[in-house]
Amino acid sequence: MPEMPEVETIVRSLRRSIVGRQIVAVDLSGLPLRRPVPPAFAQQLASRLIRAIHRRGKYIILELEPKAFCVVHLGMSGRLFHLPGTAPRPEHTHAVLRLEDASQLQYRDHRRFGLLELYEVPRIGLIPEVAALGPDPLGRKFNGRNLSRGLRECRQEIKAFLLDQHKVAGLGNIYVCEALFHAAIRPTRRCFKVCDEEARRLAGSIRRVLRRAIRHRGTSFSDFMGPDGKPGDHQRFLRVFQREGEKCRRCRGTIERLVQGGRSSFYCPRCQS
DNA sequence: GCATTACCCTGAAAGC
DNA sequence: TGCTTTCAGGGTAATG
């Protein structure tokens, strides 16, 4: 389940390995992902140069020359692998970008919740998926004051707010649970009931949790690994996520689980109010 | 207009 | 042992 730290790990790895390479051919499985991959996708990508790789929220964006942007979202189970050109193409491989140095970039996604799209626009900001995103938690616009302003006028539960990519870009279930634990806020709290001081604390917690996860190359349970095949290491440092019934490392109380909007939330009822 | 729910999908785990 | 059912979750369209 790639969230921002996992996507950032992938982007950093791919920057080292595929930027400056030309795409010579593209093979597609033909199966639809979240949306059907446009029939012209392969033809539009072929012969373009990979100029740079960007991340916006959980989106990976290949900046191409002649100017275009290839947008990749990994959904729940998507993975990118940079492999030798002779590597086999396993089941659930939906796109293969063959590069000029005889290597290949494989997109695999067994649940097909991901997205592959090409936009011929002059700027990243004109990509519709990117334009709709809220501020990046590691960017300048994300701070306690702005977060507090957003929370004040919202009646949703804080968990749903933080998962909404239009409000904050890049957070998923794992890091929302972890950040709320560090900020001592229960996931069911209504946004407008989070005071300024708590919002400031939450903004700081979100940034710290994400930075720490990036240092550990993300969290791996079953789905995530980097393009080089290495899993992340952050799962060892989680305080609440998937720890239902275990002891809280802060107060020795018991971690509980509840379901919000069909997603599991993990929290410590003693530490979080 | 905002909040909530259903749906897409498949592998793994649980239940029978 | 083998089959069936349930669950997980990101994003979005549909519904309330």
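Chain identifiers are assigned alphabetically (A, B, ...) following the order of the sequence lines, protein sequences preceding nucleic acid strands; residue numbering begins at 1 within each chain.
Atom CG of Leu133(A) is separated from atom P of dG11(C) by 9 Å (rounded to the nearest Å). Between the NE2 atom of His166(A) and the C1' atom of dT12(C) there is a distance of 8 Å, given to the nearest Å. Atom CG of Leu74(A) and atom P of dC8(B) are 22 Å apart (whole Å). Going from atom CZ of Arg34(A) over to atom P of dG9(C) covers 17 Å, rounded to whole Å.
If you check dT10(B), dA3(B), dC9(B) against the side chain of Phe113(A), the one that comes closest is dC9(B). Residue His110(A) places its side chain closer to dT10(B) than to any other of dG10(C), dT10(B), dG11(C). Between dG10(C), dT10(B), dT12(C), one nucleotide has an atom nearer to the side chain of Arg111(A) than all others, and that is dT10(B). In this structure, the nucleotide among dG11(C), dA3(B), dG10(C) sitting nearest to the side chain of Met76(A) is dG10(C). Distances were taken from every side-chain heavy atom of Ser264(A) (C-beta onward) to each of dA8(C), dA3(B), dG11(C); the shortest belongs to dA8(C). Set against dG9(C), dG11(C), dA3(B), the side chain of Arg155(A) has dA3(B) as its closest nucleotide.
Five base pairs at each end of the helix from dC2(B)-dG16(C) to dC16(B)-dG2(C) define two local axes, and these are offset by 60° (rounded to 10°).
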Report task. Could you please spell out the steps behind the side chain to side chain contact (heavy atoms under 4.5 Å, CB included) verdict for Arg12(A) and Ile214(A)? Result -> CA-CA 10 Å; Arg12(A) 288 182 185 187; Ile214(A) 291 170; 3.4 Å; yes
Query raised in the report: Could you go step by step and tell me if Phe69(A) and Tyr119(A) meet the ring pair (Phe, Tyr, Trp, His ring centres under 6.0 Å) rule?
Result: CA-CA 5 Å; Phe69(A) 296 97; Tyr119(A) 291 100; 9.0 Å; no
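Side-chain contact between Ile23(A) and Leu64(A) is present, with at least one heavy-atom pair separated by less than 4.5 Å.
Using a 3.5 Å distance cut-off with no hydrogens or angles, the side chains of His182(A) and Arg208(A) do not pair a donor with an acceptor. Glu6(A) and Tyr175(A) share a side-chain donor-acceptor pair at under 3.5 Å.
Of the two residues near DNA chain B, Arg190(A) and Arg263(A), the one whose nearest nucleotide lies more 5' is Arg190(A).
Taken to the nearest 0.5 Å, the CZ atom of Arg212(A) stands 9.5 Å off from the CD atom of Glu178(A). Separating the CZ atom in Phe192(A) from the CD atom in Gln156(A) is a distance of 12.0 Å, to the nearest 0.5 Å.
For His73(A) and dG10(C), the shortest distance from a side-chain N or O to OP1 or OP2 is not below 4.0 Å.
Arg257(A) comes within 4.0 angstrom of the backbone, heavy atoms only, and of no base.
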